[in-house]
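All remarks here apply to the structure that follows.
We use all heavy atoms of the structure for the numbers below, so side chains are in, but hydrogens, waters and symmetry mates are not.
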Amino acid sequence: YHQGTLPRVFFTLGIFFIVLSTLVSTMVMAVSACVKGQCGARQMCSILVHGLGYILVLPIMAIFTTGRALFCGKTAEEEDEKKRISAGKLFEVLCEALPQVCLAWAYLFYTGWPWENEEAELWSYIPFLSSVSSLVMVVYGLYDSYKAIKNGGWGALVDFYID
């Protein structure tokens, strides 16, 4: 199926896209804060910490939000937190997940589709099935982020980064 001849650019781009969401979230939040007129040194330091910690901060926020709702019951601020988390996921969806899906499809194009190989085993369909499910999740993530931003999640996210 694949003889280990994948070009290095696939690995390089894969790593780049993992880091890209962190960099883009930091830059966009800094610009958003300045547009709101809050671009002092304290706010920029907060944005830098939250932005560079994006890969950890957002998942931890999501775990605490759902955990608190599960164990303590729903709170009034839970919906706002969900909007903020969904709005923040836009960076991950656009700058990491979508490019990773494109890389996965390029990999399949480069190595060949599993049904084209006469000796293909069941495991050879895993990259294809993974790519399809990832594409579905990207579409859902874009929709969920759009809905959150439309309902005020963006402002709450910027405020979270600033504070």
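At a threshold of 4.5 Å between side-chain heavy atoms, the hydrophobic network of Ile, Leu, Val, Met, Phe, Trp and Tyr places Met137 and Tyr107 in two separate groups. Both Val138 and Val132 are members of a single hydrophobic cluster when ILVMFWY side chains are connected at heavy-atom separations under 4.5 Å. Cluster membership for Val19 and Val57, using ILVMFWY side-chain heavy atoms within less than 4.5 angstrom, is not shared. By the rule that hydrophobic residues join a cluster once side-chain heavy atoms approach within less than 4.5 Å of another member, Leu48 and Met44 end up as members of separate clusters. Hydrophobic clustering (side-chain heavy atoms under 4.5 Å, transitive across Ile, Leu, Val, Met, Phe, Trp, Tyr) groups Leu129 together with Leu103.
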Are His50 and Ser46 close enough, and set up right, to give a side chain to side chain contact (heavy atoms under 4.5 Å, CB included), and what steps lead you there? CA-CA 6 Å; His50 284 97; Ser46 178; 3.3 Å; yes
Side chain to side chain contact (heavy atoms under 4.5 Å, CB included) between Leu142 and Leu94: does it pass, once the steps are laid out? CA-CA 8 Å; Leu142 288 172; Leu94 285 178; 3.5 Å; yes
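At a threshold of 4.5 Å between non-hydrogen side-chain atoms, the residues Leu13 and Pro99 do not count as touching. With a 4.5 Å cut-off on side-chain heavy atoms, Glu96 and Phe91 do not count as touching. Contact check for Gln100 versus Ile18: side-chain heavy atoms found under the 4.5 Å cut-off. No side-chain heavy atom of Leu90 sits under 4.5 Å from any side-chain heavy atom of Asp144. Contact check for Val139 versus Tyr143: no side-chain heavy atoms found under the 4.5 Å cut-off. Contact of the Val101 side chain with the Ser131 side chain is not registered, since no non-hydrogen atoms from C-beta on lie closer than 4.5 Å. No side-chain heavy atom of Cys95 sits under 4.5 Å from any side-chain heavy atom of Phe17. Considering only heavy atoms from C-beta on, Ser86 stays 4.5 Å or farther from Lys147 through its side chain.
For CZ of Phe10, the number of neighbouring non-hydrogen atoms (other residues, nucleotides, ligands) closer than 6.0 Å is greater than 12. Other residues, nucleotides and ligands contribute more than 12 heavy atoms inside 6.0 Å of the NZ atom of Lys36.
Between the side chains of Glu81 and Thr65, at least one donor N or O sits under 3.5 Å from an acceptor N or O.
Although no hydrogens or angles enter the test, the distance criterion places no donor-acceptor pair under 3.5 Å between the side chain of Tyr146 and the main chain of Ala87. Judged by distance alone, with hydrogens and angles left aside, the side-chain atoms of Tyr54 form a donor-acceptor pair with the main-chain N or O of Glu92 at under 3.5 Å. Looking at Ser130, its side chain never comes within 3.5 Å of a backbone N or O of Ile126 through a donor-acceptor pair. Side-chain atoms of Ser25 come within 3.5 Å of backbone atoms of Thr22 as a donor-acceptor pair (strictly under, hydrogens ignored).
In this pair, Trp115 and Phe128 present their aromatic rings perpendicular. The plane angle is above 60°, beyond the 30 to 60° band.
Here CD1 of Ile85 is found 11.0 Å from CZ of Phe64. Values are rounded to the nearest 0.5 Å. Between Met29 atom CE and Gln43 atom CD the span is 14.5 Å, to the nearest 0.5 Å. With rounding to the nearest 0.5 Å, the separation of CH2 in Trp105 from CH2 in Trp113 is 5.0 Å. To the nearest 0.5 angstrom, Ile47 atom CD1 is 11.0 Å from Leu52 atom CG. One distance of note links CD1 of Ile63 with CZ of Arg68; it measures 13.5 Å at 0.5 Å rounding. Separation of atoms NZ (Lys89) and CD1 (Ile149) is listed at 13.5 Å; rounding is to 0.5 Å.
Across all non-hydrogen atoms, the minimal contact from Pro59 to Leu56 is CD-O, 3.3 Å. When all heavy atoms are compared, the tightest approach of Pro127 to Leu108 is CB-CD2, 4.0 Å.
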